[in-house]
Q: 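Questions regarding the structure given below will be posed in turn.
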Amino acid sequence: MLGPVTPFHLIEMFVRLTIVLGVTVAFATAAIEINSSRPLLFGTHRIVPPTLVRQYESDEFEWNEFEVRQTHSNAQNRNFFPIRYVSNEQYYQPGGPLFLFIGGPWELQPDVVLEGHFVDIAKNMSAYLVANELRYYGQSIPFDDASRANLRLLAITQILPDIASLITHLKYDVLRDPEARVILAGVGFSASIAQWARKRYQHLVQGVWSSSGMVGASTEYEDFSEAVGANIRRFGSDECYNTIFQGFGVAENLIDAGLSSTLDRMFNVCSPIKSEDSVDVEAFLNGIFNEIASQAVSVNLRETIDQMCQVLTDPDQPNGLTALSEWLTGRFPDADCLVMDFESIIEAYQVTDWEDEMLRNGERQWLYQRCTALGWPLTSRSPDQPFGRRITPNLFMQICERVFDEWLTPDVFRSLVRDTNIFFGGRRPDVQRIYHMHGSLDPWRYTGVRNAYGDSYIRLIMNATHGEDLASISEDDSYALRSAKESVAREIRRWVYQNPGPPPPF
Ligand SMILES: *[C@@H]1O[C@H](CO)[C@@H](O)[C@H](O)[C@H]1NC(C)=O
Ligand SMILES: *[C@@H]1O[C@H](CO)[C@@H](O)[C@H](O)[C@H]1NC(C)=O
Ligand SMILES: *[C@@H]1O[C@H](CO)[C@@H](O)[C@H](O)[C@H]1NC(C)=O
């Protein structure tokens, strides 16, 4: 039996959770609360690795910078800018491999070279550990401001040569060992970069551990809401799922009946829903969906879904719609009102000053990458999910076009997404020596590879969340999780020891 939940218990529980879940496990961004009196109920669902609680000694790691070319595709442009990386040489022995954890759409934190399973493997193999920051994120910034024009070099085709140059620099100038073997790891989009780096530069990268890698670009990502719905059924209840289903259904009917002002009041929106404008209606419904989804993708999803469902299925709630509005407004006790309209979303993403929170947290940059290469509009058109029927790719495409200018029409968007899959192979990339891991509870897992060939592996870890495999082996691991971690460690050892070092390219 659980005792009464006193604040002390809550604190204790929080501390325990953060320690157990440690470094590597990731969480999703929910509403954007730059101004807590007006939270913006929109987000690009970046999943970022949280930072550690423990303080590190400064001699355990070192910050560095490395100059890369602003553009790798124009010989006449000789501008350079520094990308940051952090290294940990504590475990390195001459002759050992180089382990590089690839940066994703977030600011670089030293945690990834200090703790977690990748670090444990590095320790075992006397590896030199490095993690880099992705161009345009954190402090690795190529231009004075983030105007639309200046975002043009935020492209996979520019990121990959950054990685190749960095690896070469580390091998030749830092380790002074041209034969050093190189292993990459990453999580989510950073795992995609790791995979593509191996595909492109097989002479530089001997193997990749891809945790929840997202490589199949798409112009609509329906599986997301289905997977969120399934998580809600599993860790909440059928009743909770049905409450959401009912709430969305009633909301859509009210809008159709010209009664959207009822919703304005119930959800305390800052700007009334423009019920004649389908994109504004989608933005409102997406606002509710976005907040529920953030509860169902985090690493603590078993707890967060349970807590949400307790409120949603409270027997005092007369119906699904009131349950949704009470839960949603109750999440923002400090808010004057909730921002859920299309125009406010556009305005929030149009900022260009690097000091602005929307750039420091990577939201604008990540939206640009989604709009110009990756896609994944989250929608509610599948019959097998509870979030109504109205959220379509049109909302996402309209946001892209308005935030990043008129050239980015829906047709251009679709062709850019298609190009990404043409250039990198989408979900069937046909590359050897990649270990693909996905948690069965991760709603992003359907963007991962479908088939692995030859010396590559796919492991679906039952009952695991996005990136859960990155944490150190622990007594709390399920059998499936533990065996996946042991298996990737074995493969990395084999890739390093059984494959001859690459010949020096020059
Ligand atoms: C937050 O929004 C309120 C209006 O709801 C406004 O008065 C206040 O100035 C805003 N604060 C900041 C820091 O922008
Ligand atoms: C590395 O791991 C292997 C396999 O678990 C083990 O046999 C070996 O002793 C470890 N080596 C070091 C230096 O920890
Ligand atoms: C799933 O994982 C949770 C937490 O790790 C655990 O409590 C639960 O028993 C697991 N369920 C199954 C079916 O493995």
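Order of appearance sets the numbers: ligands from 1, and atoms from 1 within every ligand. Numbers here are sequence positions counted from 1.
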Q: Run the numbers for me: atoms of ligand 1, each under 4.0 Å from some heavy atom of Asp336, listed by number.
A: 5 (O)
Q: Quick one: do Leu184 and Arg198 satisfy side chain to side chain contact (heavy atoms under 4.5 Å, CB included)? Show the steps, please.
A: CA-CA 8 Å; Leu184 307 186; Arg198 161 104 182 114; 5.6 Å; no
Q: Hey, does the side chain of Asp314 reach the backbone of Val311 with a donor-acceptor pair shorter than 3.5 angstrom?
A: no
Q: Counting heavy atoms only, which part of Met125 comes closer than 4.0 Å to ligand 2: side chain, backbone, both or neither?
A: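 Contact part for Met125 vs ligand 2: neither.
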Q: Please determine, by modelled atom types, if Asn64 and Ser87 share a side-chain donor-acceptor pair under 3.5 angstrom.
A: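 A donor-acceptor contact under 3.5 Å links the two side chains.
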Q: For Glu33 and Ser36, does a side-chain donor sit closer than 3.5 Å to a side-chain acceptor?
A: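 Note: Glu33 and Ser36 side chains miss the donor-acceptor criterion.
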Q: So for Arg490, does at least one of its heavy atoms come nearer than 4.0 angstrom to any atom of ligand 2?
A: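 Judged by the 4.0 Å heavy-atom criterion, Arg490 does not count as contacting ligand 2.
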Q: Centre-to-centre under 6.0 Å for Tyr368 and Tyr136, is that the case here?
A: no
Q: Under 4.0 angstrom from atom 7 (O) of ligand 2, is there any protein heavy atom?
A: no
Q: Considering non-hydrogen atoms of the protein only, which is the closest contact for atom 5 (O) of ligand 2, and what is the distance?
A: Arg493 NH2, 3.9 Å
Q: What protein heavy atom is closest to atom 9 (O) of ligand 1, reported as residue, atom name and distance in Å?
A: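 Its nearest protein heavy-atom neighbour is Asn35 ND2, 4.8 Å.
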Q: To the nearest 0.1 Å, how far is atom 1 (C) of ligand 2 from its closest protein heavy atom, and which atom is that?
A: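 Protein heavy atom at minimum distance: Asn124 ND2, 1.4 Å.
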Q: Report yes or no: does Gln365 contribute a side-chain atom to a donor-acceptor pair with the main-chain N or O of Pro105 at less than 3.5 Å?
A: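 No; zero donor-acceptor contacts below 3.5 Å.
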